[in-house]
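Below: one structure, written as structure tokens.
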There are 2 protein chains.
Amino acid sequence: MPDTQDLDPRKAAILEAIVSEYIGTAQPVGSQHVARTAGISVSSATVRAEMVALEREGFLVQPHTSAGRIPTDKGYRFFVDQLTEPGILGPAQRHKVAKFFEQVHGEMEDMLERTSGLLSELTSYASVVLPPSHESAPVRSVQLVGLAPRLALLVVVLADGAVEKRTIDLPDEIGDDVLAAAGARVQAMTAARPLGATDERTMTKDRVLDEVVGLALDAMKDLATAEDDRVIVGGSSRLAAAFDAVETVRSVLSTLEQQLVVVSLLRDVLERGLSVAIGTEHGYEPLASCAVVVAPLSVDGHEAGAVGLLGPTRMNYPQALAAARVVSARLGERLGGGTEAPPGRVDGRTAEDRVTKRRGAHGRS
Amino acid sequence: MPDTQDLDPRKAAILEAIVSEYIGTAQPVGSQHVARTAGISVSSATVRAEMVALEREGFLVQPHTSAGRIPTDKGYRFFVDQLTEPGILGPAQRHKVAKFFEQVHGEMEDMLERTSGLLSELTSYASVVLPPSHESAPVRSVQLVGLAPRLALLVVVLADGAVEKRTIDLPDEIGDDVLAAAGARVQAMTAARPLGATDERTMTKDRVLDEVVGLALDAMKDLATAEDDRVIVGGSSRLAAAFDAVETVRSVLSTLEQQLVVVSLLRDVLERGLSVAIGTEHGYEPLASCAVVVAPLSVDGHEAGAVGLLGPTRMNYPQALAAARVVSARLGERLGGGTEAPPGRVDGRTAEDRVTKRRGAHGRS
DNA sequence: TGCTGGCACTCGATTCTACCGAGTGCCAGC
DNA sequence: GCTGGCACTCGGTAGAATCGAGTGCCAGCA
């Protein structure tokens, strides 16, 4: 891709001016506008000549003959890669973030959901949160609870505070004591190990117990493989404001409703080491008019999940990147240091935050 | 409301024709169209005269002088109350429902989410599922699991298979054995009783244990009061197709994103004993161009939660009502008879359905 | 050589006009 | 009391005229 990385400085400046302007106004940008832009000190005629070149090289298009230019995906890409720094948040936004992370508390799911709301509010794009996978979190506790005569619930608590459950159909009526024993056995076999790593089974004299243990282990394996296709989408209504064609809105929203698609989109982008995917760069046609900004989430030093933003290709990349990165960093801090295993990591601030309602009750008891 | 209930048969027929036509076409309906409708055997001039009357009485409006009439909320209301039966689903839809409930399985959350998708697909409106409240479900198991030195997780399993959790900050490092003991104590104090009904506390000799038990009981009370403002929204992208003004779409979607608003809207409608709320009838201005259809969910004989549909006021009420009712009935059956306490209720079919993946594993073990 | 001002041209958007026709209200007559 | 007839309204569409932002090209200047 030689032409992607090399553009003489003037062309680059012109491209930058066009992209910035277009992001702001959503109107095709003409040569005069560009010529008047600070930093451009040539005439509109020269700008026009350069625009022709930029168009030939695929950075710009003209919606129709007598209109200004708008950036192509390639144009945005160059803008993002070469012309802009991630940017920083405005003071008001910084304040919002700070305040948010001071106040937020509760279970992880709630927190992720609210974080998604925050991110969307900061940027006015739709936001996406890919929860940290529980793959590597060690099992902390396993329990079998009888619900009905031939129905039990397997409840697995992971060290990161996540609780997974699965109903299990029993072959026979099983007493609560046997269930408890089976739960204990399974816990012994799997504790302190990640969900996926199931021990080979050991047999006892008790056929019924063995069977229940087997069922539970199966369910645990099932838990390990399934589940991880969940994603939290927030502020999707803001996409309606970003597009003017109602049909575009509909198709984008309907794509966003398919969790699986969103998850794989994000994973794809992350895997390719990108933080931005523009228009057709990701292969999802219904989202061809969208761009995705992703920031991986790193909890206690290892990557887990991600936060992202979905907006029109003419999104404000610097701001979106800044917001995603700041929020992901703060969220990562927040999720780590306390719920994760390493002992002694419960620092004062985090624990303090997490108290809230609890605190009052605690004082009383 | 004398004029709401009394309309001479001809007026009613004309109103019905207009509403039906408008629901189908979204175009103002003229007198000629009505006169040509089967069942109307008067001239267009007569229809016009009646239309004037209907407009005076508030059932119809004219977008502008030389246009046809469109129904007002009051017009729809009369249509729903007096002119139409709930209707039945078409064979294709029946088949979809049957197939869906044959296949669906898994945890309740998944099932509700998929059901919401089904309902939306059936009607092409947005669908809403208000999960059965756990208020009355008795506690089946309580457990305290240590996550970090001064952090524990309270895990409560209810008889309906729901699992609730809460992190608890501990005043001190507490050993796993004490946590387990505290969990057991709390379980003894609360088991078989609904979440809200907390026992008065009994003291032991052990101050630390008492404190942990106190914290756990507080957390349980907290669980009982909070939480119940959750709602599952599905197919909201279909609303984009229902409205043509992108601003309407945005505002409706953004209202739908506020779980709390949706919950109280549904509760309001249910409390007033309605199954349909049209336009401004419910007091939520941003949804003034929407109608809501609700069907309460009855699980094992008692009302719990609801399913609903949200569409434009010109929605197909008979079909929407039919879909909501059928789905709510089937879902109620499915949620009951097995997960709920009464022993022996695990009938063959339900248990069979629930097996799926499990079954294979079971055979193998 | 490269930039610039000038110029003819394009073409979407806007405005205006005319006009059609669906729809109305009214009324005289059956 | 219903109906056909009629004059009238007025939104929507089509076509023409106009505007103007924007373009590509080119000759001339530094």
Side-chain angles (χ1 to χ4, degrees), chain A residues 6-72 75 244-245 314, chain B residues 7-22 24-72 75 244-245 314:
Chain A
D6 274 355
L7 272 188
D8 76 78
R10 199 172 61 186
K11 278 206 186 69
I14 289 173
L15 180 55
E16 178 173 12
I18 293 174
V19 174
S20 306
E21 177 78 8
Y22 186 70
I23 284 174
T25 64
Q27 297 296 325
V29 183
S31 54
Q32 293 203 41
H33 270 280
V34 176
R36 275 199 292 272
T37 304
I40 307 281
S41 49
V42 292
S43 75
S44 67
T46 310
V47 172
R48 279 201 290 283
E50 297 289 43
M51 282 165 120
V52 172
L54 284 169
E55 181 166 7
R56 197 174 42 233
E57 293 170 47
F59 294 98
L60 298 175
V61 278
Q62 240 180 330
H64 47 260
T65 325
S66 71
R69 304 304 209 287
I70 64 178
T72 60
D244 39 313
R314 40 165 266 273
Chain B
L7 272 188
D8 76 78
R10 200 171 62 187
K11 278 206 186 71
I14 289 173
L15 180 55
E16 179 174 11
I18 292 174
V19 174
S20 305
E21 177 77 8
Y22 186 70
T25 63
Q27 297 296 325
V29 184
S31 54
Q32 293 203 41
H33 269 283
V34 176
R36 274 199 292 273
T37 305
I40 308 283
S41 50
V42 293
S43 75
S44 66
T46 310
V47 171
R48 279 201 290 281
E50 297 288 43
M51 282 164 117
V52 171
L54 284 168
E55 181 166 7
R56 195 175 43 233
E57 293 170 48
F59 294 98
L60 297 176
V61 278
Q62 240 179 331
H64 47 260
T65 325
S66 72
R69 302 304 209 287
I70 65 179
T72 59
D244 39 314
R314 41 165 265 273

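Each chain gets a letter, A, B and so on, in the order its sequence line appears, and its residues count up from 1.
- Distances from the side chain of S31(B) to the nucleotides dG22(D), dT24(C), dT4(C) place dT24(C) closest.
- Listed nucleotides dC6(D), dT10(C), dG6(C) differ in distance to R48(B); the shortest reach to its side chain belongs to dC6(D).
- Across all strands, T46(A) comes closer than 4.0 Å to base atoms (heavy-atom distances).
- For dT3(D), the OP1/OP2 oxygens have no side-chain nitrogen or oxygen of S44(B) closer than 4.0 Å.
- In this structure, the CG atom of D8(A) is 13 Å from the C1' atom of dG2(C), given to the nearest Å.
- Distance L54(B) CG to dG23(C) C1': 16 Å, rounded to the nearest Å.
- You'll find that the side chain of Q62(B) is closest to dG25(C), out of dC10(D), dG25(C), dC11(C).
- Remark: the backbone N or O of G58(A) is paired with a side-chain donor or acceptor of T72(A) at under 3.5 angstrom.
- Pairing for dA28(C) goes to dT3(D), judged as Watson-Crick or G-U wobble with the two contacts each under 3.5 Å.
- Nearest heavy-atom pair across M51(B) and G30(B) is CE-C, 4.1 Å.
- Closest approach to the S43(A) side chain among dT24(C), dG5(C), dC10(D) is made by dG5(C) (side chain taken as heavy atoms from C-beta onward).
- In this structure, NE2 of H64(B) is placed 10 Å from C1' of dT9(D), rounded to the nearest angstrom.
- Atom P of nucleotide dC26(C) and atom CD of E50(B) are separated by 15 Å, given to the nearest angstrom.
- Note on A45(A): a base of the nucleic acid sits closer than 4.0 angstrom, heavy atoms only.
- Checking dG25(C), dC11(C), dC10(D) against every side-chain atom of T65(B), the shortest atom distance belongs to dC10(D).
- Side chain of V52(B), nearest nucleotide from dT4(C), dA22(C), dG25(C): dG25(C).
- In this entry the distance linking CG of L60(A) with C1' of dG22(D) reads 14 Å, nearest Å.
- Distance, M51(B) CE to dA22(C) P: 15 Å, rounded to whole Å.
- Listed pair R69(B) / dG23(C) fails the phosphate criterion, with no side-chain N or O lying under 4.0 Å from OP1 or OP2.
- I40(A) has its CD1 atom 15 Å from the C1' atom of dC3(C), to the nearest Å.
- Between the CD atom of Q27(B) and the P atom of dG23(C) there is a distance of 10 Å, rounded to whole Å.
- Residue H33(A) has its side chain nearest to dG22(D) when only dG22(D), dG6(C), dT9(D) are considered.
- Shortest non-hydrogen contact noted between P28(B) and I70(B) is CA-CG2, 3.6 Å.
- In plain terms, the two heavy atoms of F59(B) and L15(B) that are nearest each other are CD2-CD2, 3.9 Å.
- With a cut-off of 3.5 Å on both pairing distances, the Watson-Crick or G-U wobble partner of dT9(D) is dA22(C).
- Nearest approach of V29(A) to I18(A), heavy atoms of both residues: CG2-O, 3.8 Å.
- Side-chain proximity of R10(A) to dG5(C), dC11(C), dC3(C): nearest is dC3(C).
- The backbone N or O of A67(A) sits less than 3.5 Å from a side-chain atom of Q62(A), completing a donor-acceptor pair.
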